[in-house]
Amino acid sequence: MKTRGFEVLSSYENAGINLPVRSTEHSAGYDIEAAETVTLAPGEIKLIPTGLKAYMQADEVLYMYSRSSNPRKKGLVLINSVGVIDKDYYNNPENEGHMYMQMRNITEHDVLVEKGERVVQGVFMPFLVADGDDDVEKAVRAGGFGSTGA
Ligand SMILES: O=c1ccn([C@H]2C[C@H](O)[C@@H](COP(=O)(O)OP(=O)(O)OP(=O)(O)O)O2)c(=O)[nH]1
Ligand SMILES: [Mg+2]
């Protein structure tokens, strides 16, 4: 039975994408790699593809956190602080649920991120809903990054 996990996007099937793993016995985060080599110019914000989508249960979310070594070792920050990957992003009609890492180069030189480099870590978590949540009509997710409006 499938409960939660990662899958390679169909368009990246033969691209040598590694499924995320936890690097130590008690790590909370599944390390997530860049699916392509990208260069970020000074100050630039880029969506780095992972070639991955994540599935999970209805009351679960996947949080993507930056690796703590990124600012000093790479000169990169996860510019949206935490990536929230919703259950209904998986297999959405726009991009199949492709997870992106939104990174900003905080240095004054180009930063190279090579394919296969670990950039962020994904942590699966349960979440709670507020009273009256069932009474509110919900839209069907069609994509990400502003798909539900401004
Ligand atoms: O770092 C991120 C953050 C989000 N997403 C995807 C998964 C998530 O389910 C979707 C929407 O994210 P969010 O709700 O945080 O962004 P939004 O600006 O509110 O977009 P939307 O209107 O599509 O909800 O975008 C990523 O791939 N990487
Ligand atoms: Mg949203």
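Note that ligands are numbered from 1 as they come in the structure, with each ligand's atoms numbered from 1 the same way.
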Note to self: Under a 3.5 Å distance rule, please check whether K74 uses its side chain to pair with a backbone N or O of S69 as donor and acceptor.
What the structure shows: no

Margin query: Taking L76's backbone N and O only, do any of them form a donor-acceptor pair with N70's side chain (distance below 3.5 Å, no angle check)?
Written below: no

Next item on the list: Looking only at non-hydrogen atoms, find the nearest pair between Y89 and G143 and report the distance.
Entry: CD1-O, 3.6 Å

Next item on the list: Using side chain to side chain donor-acceptor pair (under 3.5 Å) as the criterion, list what pairs up with T148, not counting sequence neighbours.
Entry: none

Item checked: Proximal protein residues to ligand 1, non-hydrogen atoms under 4.0 angstrom -> M64, N80, G83, V84, I85, D86, Y89, H98, M99, Y100, R141, G143, G144, F145, G146, S147, T148

Next item on the list: Give every residue pair that meets the salt bridge (Lys or Arg N to Asp or Glu O under 4.0 Å) criterion with at least one member in residues 89-108, sequence neighbours excluded.
Entry: K53-E96

Can you list, pair by pair, the side-chain donor-acceptor contacts under 3.5 Å of residues 118-132, counting residues two or more places apart and other chains?
| unit_1 | atom_1 | unit_2 | atom_2 | d |
| --- | --- | --- | --- | --- |
| R118 | NH1 | D31 | OD2 | 2.9 |
| Q121 | NE2 | S66 | O | 3.1 |

